[in-house]
Amino acid sequence: MKDEIFSVLQRVGRSFMLPVAVLPIAGLLLGLGASFTNPTTIKTYGLEAIFGDGTVLHSLLTVMSAAGGTIFGNLPIIFAVGVAIGMAKAEKEVAALAAMIAFFVMHVSCNAMLQLTGKILADGSIAPGVLEGTIASSCGIMSLQMGVFGGIIVGIGVSILHNRYHKIVLPDALSFFGGSRFIPIISTVVFLFVGIAMTFVWPVVQDLIFGLGNVVTGTGYIGTLIFGIVKRALIPFGLHHVFYLPFWQTGVGGSMMIDGQLVQGGQNIFFAQLASPNVAHFSADATRYFSGEFIFMIFGLPGAALAMYRCARPEKKKVAGGLLLSAALTSMLTGITEPIEFSFLFVAPMLFGVQVILAGAAYMIAHMLNIAVGLTFSGGLLDLFIFGILQGNDKTSWMLIIPVGIVYFFLYYFAFSFLIKKFNFKTPGREDDDEETKLYTKADVKARKEGAAGAGDELSPVIARALGSKRNITSVDCCATRLRCSVADSELVDQKLLKATGASGVIVKGTGVQVIYGPKVAVIKSNLEEYLATAPDVEPEADAPAVEEQAETTAEAPAAAHGEHEFYAPVAGTAHAITEAPDDAFAGKMMGDGFFIAPADGNVVAPCDAEVMFVFDTKHAIGMKAADGTEFLIHFGVDTVKLGGQGFEVFVEQGQQVKKGDKLMQVDLDYVKANAPSDVCLVIFTGGQAVHMEKSYGVKALDAVASY
């Protein structure tokens, strides 16, 4: 259940990225337009002759400001369409159209109900006694003030209808309205009633939202600290978008009357104040959800990068320096921190814990110092220049970021240096030589060195193979730094191979897979989608770099191919080469070489003295490490992960040492045969060893069956 919830939240979070992606250009237009048409700014910098009233540039900037403002003013429908596109699994353009229709239908239904209940008068005005701000115009329709929540509700609802009914088959007389044409129809009907229901439900929800907002704002600086810590802590799970967006865009983040209009959400308040000529200082209570990011993104994390570079081994400093310099510049210029954070997140979680605390404190410090610098996406130098420096220190207190930032630079530097050396963390440049992954093709290495734009075309087949091939991939999307995919069977995901494609980290939770590539991920995602449109269900074996490397290793060490180590059968039955496995993923050696046994009974024993590395929650597979360091996987059945552990009883646990012949699991063969595609017992060597079959006929448990 937890994995399923994570998968759903991941899809919701990534669907936010399409509408969020428009905010930087909207903020840029509004920021530049409002800045250089503001009489105070023009007078302060002596720019009357260039930007003064009546000049060509003044007229152009006024239009720019209006263009940016209309995007922020219509975010609800933008989110409705964007979320529907992001969560629809196919025919996304149909989902987009249905979402737009549903959005209008819902608000018109709300309008009609509000008129029937007397909250909106016949002349279109709001009745006396209605709480101010609860009814507002949405795309020209007077309706309940739902903000982006209304758009998100429409987007999620339409995507659910779309994914369920876009292939519906209707009776012959109505067949024209079947398939994708049915989605706008069913969406219209459903959201007609959603609009009616909202007139009763939303006031209650609105009270809860304002109540939550009051709790957050009422806790002052401590609330800001908690917000910052939680947001940064959610980064590894990719759920930070789900968490912070309500604070930026809805009443959860506070509300304020600006020029006679009620504005909700921290980011919306900032941009409304930016466009207003009547604001002396931007509200730090509104910007506390992002102003602190400039402190640790521009100053703190580069200090951490310098610490990791200084702690690198001398022979690896050059390589580590290039990697860390690029990551530090990315953080400073764009505010995208994941290239740095993921360089130490997996190898030294303690360092990430320090980062979470220090980053959370930066939000609180900015709030305490009344720093009020806005942003569109993240806290880099570009946003600092436009929304801090250009607006003037009197409005933003941006100059206080510099001394605090310098302190943060040294704080990160010394904290990271001390912890890396004390605990010998394997940060970039400190890895053991034998831990380096060497799964690239020569073409990949050449393309990455040259920075060729076409490298993604060569990477796509490798990424697809690492995700279990085309037939295992159910959706592909990305956020600012991560390729976000859903897969049918997460067991088929090869994390080593994904990291070999240039990823700085891989997260697999349930059917959700996140591959961290950094800012170049949008190109990788586009290339992958183009490749999957015409790709075979399973990539040809010749395209797999892992197989190529195995072949090269075999050629260099022929003795190993013929077998220096004997391996014994974990179960009685009939042994076969892995290439005959009843599953293309295993037969194609995507997870490694090995063999399988058609079992005669369900008694599975340890084939050698070994350590149990892990036991799958569904009990159908056990990862082990032999005394000589060989890692292998005993996988019982095909697609047996879907059995949820039924039919399996496991007698070992992670970390346990077992002797050859110790009982590992007992399998109900009758149940597995009846409920899974196959009941074969597969043994996969995950370390890249080439396996030589000694037998291809009946064996007993612990008979010599192969060598490696």
Ignoring hydrogens and angles, tell me if any N or O in the side chain of [X] forms a donor-acceptor pair with the backbone of [Y] under 3.5 Å.
{"X": "Asp662", "Y": "Lys659", "value": "yes"}
{"X": "Ser326", "Y": "Gly322", "value": "no"}
{"X": "Asp679", "Y": "Gly637", "value": "no"}
{"X": "Asp489", "Y": "Glu491", "value": "yes"}
{"X": "Thr630", "Y": "Ala626", "value": "no"}
{"X": "Ser159", "Y": "Ile156", "value": "yes"}
{"X": "Asp477", "Y": "Arg484", "value": "no"}
{"X": "Asn675", "Y": "Val672", "value": "no"}
{"X": "Thr640", "Y": "Phe636", "value": "yes"}
{"X": "Thr474", "Y": "Ser486", "value": "yes"}

Test item: side-chain donor near acceptor, Glu611 and Gln656, under 3.5 Å: no
Are any non-hydrogen side-chain atoms of [X] and [Y] less than 4.5 angstrom apart?
{"X": "Leu633", "Y": "Val683", "result": "no"}
{"X": "Lys619", "Y": "Met665", "result": "no"}
{"X": "Arg430", "Y": "Lys316", "result": "no"}
{"X": "Ser707", "Y": "His565", "result": "no"}
{"X": "Leu532", "Y": "Glu530", "result": "no"}
{"X": "Tyr309", "Y": "Lys317", "result": "yes"}
{"X": "Met624", "Y": "Leu664", "result": "yes"}
{"X": "Val658", "Y": "Val612", "result": "yes"}

Aromatic centroids of Phe296 and Tyr412 separated by under 6.0 Å: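 Ring centroids of Tyr412 and Phe296 are no less than 6.0 Å from each other.
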Between Phe416 and Phe425, ring centroids under 6.0 Å: no
Enumerate, atom names and distances included, each donor-acceptor pair closer than 3.5 Å involving a side-chain atom of residues 597-610, sequence neighbours excluded.
| unit_1 | atom_1 | unit_2 | atom_2 | d |
| --- | --- | --- | --- | --- |
| Asp601 | OD1 | Asn603 | N | 3.0 |
| Asp609 | OD1 | Lys660 | N | 2.8 |

Lys663 atom NZ, over 12 foreign heavy atoms within 6.0 Å: yes
By salt bridge (Lys or Arg N to Asp or Glu O under 4.0 Å) - contacts of Glu649 (at least two apart):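 So Glu649 forms no salt bridge (Lys or Arg N to Asp or Glu O under 4.0 Å) with any residue.
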Test applied, side chain to side chain contact (heavy atoms under 4.5 Å, CB included); reference residue, Leu483; option that passes from Leu498, Val515, Val513: Val515
Lys NZ or Arg CZ of Lys625 over Phe632 ring: under 6.0 Å, within 45°: no
From OH (Tyr708) to CZ (Phe595), nearest 0.5 Å: 10.5 Å
Testing the basics here: between [X] and [Y], what is the closest heavy-atom pair and its distance to 0.1 Å?
{"X": "Phe423", "Y": "Met350", "value": "CE1-SD, 3.8 Å"}
{"X": "Val476", "Y": "Glu529", "value": "O-OE2, 3.6 Å"}
{"X": "Ser490", "Y": "Val508", "value": "CB-CG1, 3.8 Å"}

